Amino acid sequence: MPILKIARMGHPVLGRRAEEVPDPTLPGVRRLVDDMIETMHDAGGRGLAAPQVHVPLRVAVFITPEDPDYEGVTAIVNPVWELLTDERVAGWEGCLSVPEMRGLVPRAPKVRYTGVTPEGETIDRTVTGMHAVVVQHEFDHLDGILYPQRMDDLKLLIFESEWRWYAPREAEGAADDAAQE
Ligand code: NI
């Protein structure tokens, strides 16, 4: 299984709406998912969407270690999602397609999403917390949206090297402000 090349911000594949997969159970989809999982682990990421590996299809893989209800890797094809609250909570995000940067992004703390696995099993989950954040980030990729486009304040789009030293205190204040909106 090859490690795939990851597209970086500016490549057109990251800015387009990805296409539905006509048959999620085709062997090619399983192979794509296996390669995406290997690429995600190799890159130290917690999620990866197919457009990030130059494949404009509605496929994503991710891990949600904070959520004991859904351990292991999730692979989802043709996801449909709904934000279940108007509330937004700001948290720091990074993206394998926006290397070495972090940004403070407001996200809905509760999301329902459905889809199918490459095995043809139905997924129907209502999730909160980090799990909700991760799926919003990954599913945005399928609509051609990168996290900086979701940010309220681009002053908080910063390099990881600076974030390590300067962000934690800033994030607390900023997160409180965002949560009060
Ligand atoms: Ni990303």
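Just so you know, ligand 1 is whichever comes first in the structure, and atom 1 is the first atom listed for that ligand. Keep in mind that what you see is a predicted model, and the values were worked out from it rather than measured. We're numbering straight along the sequence, starting at 1.
Taking 2.8 Å as the limit, the number of protein N, O or S atoms around the Ni ion (ligand 1) is 3.
Take Arg31 and apply the side chain to side chain donor-acceptor pair (under 3.5 Å) test, not counting sequence neighbours, and it matches no residue. Contacts of Ser97 classified as side chain to side chain donor-acceptor pair (under 3.5 Å), with partners at least two apart in sequence or in another chain: Gln52. Annotation: side chain to side chain donor-acceptor pair (under 3.5 Å) contacts of Asp86 (sequence neighbours excluded): none.
Between His131 and Tyr113, the distance from one ring center to the other falls under 6.0 angstrom.
A donor atom on one side chain and an acceptor atom on the other are not found under 3.5 Å apart for Thr25 and Arg30.
Listed here is the closest heavy atom pair of Pro65 and Arg46: CD-NH2, 3.5 Å.
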